[in-house]
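Heads up, the thing below is written out as structure tokens.
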Amino acid sequence: MNTPGQPSRVLSGMRPTGPLHLGHYHGVIKPWVELQHEHDCYYFVADWHALTTNFDVVSEYAMRDNVLDMVVDWLASGVDPELATIFIQSKVPEHAELYLLLSMISPLGWLERVPSFKDQQEKLKNKDLSTHGFLGYPVLQSADILMYRASLVPVGQDQIPHVELTRELARRFNSIFGKEEGFEDKAEKAIAKLGKRNGAKYRRLRIAYTERGDPKALKSAKEFLASMPNLSRGDRERLTGYLEGSGRQILVEPDHYVTEASKVPGTDGQKMSKSYDNAIFLRDDPNRITKLIRSMPTDPARIRRNDPGDPEKCPVWDLHKIYSNEEQKKWVCNGCTTAEIGCLDCKEPLIGHILDEQAQHIERARPYIEDKNYLTKVVADGCERAGAVAEETMKDVRHYVGTGSYR
Ligand code: TRP
Ligand code: SF4
């Protein structure tokens with residue numbers, strides 16, 4: 001859903017886990033890079049989120065290094081600070097304020113039912129996750145998203161329930177705090193201001209949605225409002241809210257945009273993950289990469305060199321699918337199924353591709369590593385830009401909640 005009159009905003013965040021690996025790159029960062037050309041994108045390091053599960057292991061230095069290392073990898077992967085706003089959650093403390101206000105209206109039952117709450121407690125048995133912070137994690141995530149009135153949130157499959165909760169919290173917030181005295185009268189006056197023809201068109205679309213539930217009419221009505229340049233902010237919110245019968249639309253309900261699960265296998269054939277110790281990092285040592293790929297498991301049927309194999313049973317083939325061109329892929333399939341090539345032959349061009357990609361990545365990372373001031377300036381600029389948007393949202397939020405200025 002778009003905020004009327006504004007270009008669509010995208011927001012996404014990542015926990016600071018340090019240097020990124022190929023799985024992050026192909027699964028998350030590439031879609032981010034694509035989105036920045038068409039949308040107003042906000043990408044941030046979720047350092048407070050890291051504390052929700054790792055408060056006992058992050059030290060002052062480890063956290064800082066992790067945050068900056070991750071930003072270097074974003075920049076070297078093509079996230080462009082001219083196109084996207086890159087920032088750090090804790091440097092925009094408004095996130096904490098909105099989190100607090102949202103927590104007032106977050107029913108405990110909603111939070112306990114978020115699937116990751118129980119899942120993670122089961123999975124991470126060695127951690128103390130019976131904390132207020134961990135239960136409230138999805139509320140913090142909702143604050144991150146709602147702060148920027150984002151319409152699109154790129155996330156992995158596992159995060160969809162969090163974006164759903166965000167929508168529910170936005171709706172609840174709007175209906176609790178967005179009710180104006182005399183709302184209907186004001187909305188009617190705003191319709192009158194649209195003029196005869198436009199007013200009639202708005203009414204028609206509104207009735208099609210409110211009385212017949214036609215979702216296309218809702219979409220058309222929102223587009224129609226977006227196309228009206230002279231509407232005041234208040235009237236725009238009112239008329240949008242009036243469509244859904246919920247009062248003003250102070251916070252905007254976002255949509256999720258599912259990024260495809262990364263198909264990058266780790267060097268042991270399982271999904272690539274830092275915690276499985278099977279990752280190839282974007283700025284890894286070439287000798288280490290060569291060794292790891294040479295010893296990667298292949299189709300178990302190929303015990304001897306002349307046993308034919310089946311690429312579909314081999315994780316090395318998954319890497320070829322990402323890195324090799326059609327001709328090379330044919331060479332792999334033919335060579336493997338006929339045993340004309342051995343697994344080491346098969347891996348050699350792949351190692352070449354990965355090392356090439358890495359050399360370019362390391363080259364693009366160099367200016368930021370060599371000049372730390374340059375890096376911190378890029379981040380500080382992003383934090384400032386994000387802070388300005390956050391302040392604007394919070395002014396509205398405080399006003400409606402009743403904690404705004406007394407002057
Ligand atoms: N929870 C996300 C993760 O663990 C990170 C995150 C925090 C996020 N806030 C967000 C993602 C807002 C999207 C939007 O991956
Ligand atoms: Fe895998 Fe290539 Fe060996 Fe076939 S030849 S099993 S695709 S590594």
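Just so you know, ligand 1 is whichever comes first in the structure, and atom 1 is the first atom listed for that ligand. Side-chain atoms are counted along with the backbone in the values below, which use heavy atoms only and exclude waters and symmetry mates. Nothing here was measured: the structure is a model prediction, and the numbers come from that model.
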For Tyr323 and Glu357, what are the C-alpha separation, side-chain angles and deciding distance, and is it a side chain to side chain donor-acceptor pair (under 3.5 Å)?
-> CA-CA 9 Å; Tyr323 284 97; Glu357 185 179 80; 2.8 Å; yes

For the ring pair Phe281 and His361, is the centre-to-centre distance below 6.0 Å?
->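 No - the distance between ring centres of Phe281 and His361 does not fall below the 6.0 Å cut-off.
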
Contact partition for [X] relative to ligand 1, non-hydrogen atoms under 4.0 Å:
X	result
Val153	side chain
Leu140	neither
Gln159	side chain

Please confirm whether the backbone N or O of Gly241 pairs with a side-chain atom of Arg248, one donor and one acceptor, at under 3.5 Å?
->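 Side chain of Arg248 to backbone of Gly241, a donor-acceptor pair under 3.5 Å: no, none is there.
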
Could you tell me whether Glu363 and Arg366 make a salt bridge, using a distance below 4.0 angstrom between a side-chain N and a carboxylate O?
->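 Between Arg366 and Glu363 there is a salt bridge, with a charged N closer than 4.0 Å to a carboxylate O.
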
Lys/Arg-Asp/Glu bridge criterion (N-O < 4.0 Å) met for Arg9, Asp40 =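 Looking at Asp40 together with Arg9, the answer is yes, because their closest N to O distance falls below 4.0 Å.
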
Counting only protein N/O/S, how many atoms fall short of 2.8 Å from atom 3 (Fe) of ligand 2?
->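 N, O or S atoms of the protein closer than 2.8 Å: 1.
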
To which protein heavy atom is atom 9 (N) of ligand 1 closest, and what is the distance rounded to 0.1 Å?
->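 In this structure, atom 9 (N) of ligand 1 has Asp144 OD2, 2.8 Å as its nearest protein heavy atom.
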
Nearest protein heavy-atom contact for atom 5 (C) of ligand 1: which residue, which atom, what distance?
->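 Here the closest protein heavy atom is Gly13 O, 3.6 Å.
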
Check each atom of ligand 1 against the heavy atoms of Tyr137 and keep those under 4.0 Å away; list them by number with element.
->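 Within the 4.0 Å cut-off of Tyr137, ligand 1 contributes 1 (N), 2 (C), 3 (C), 4 (O).
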
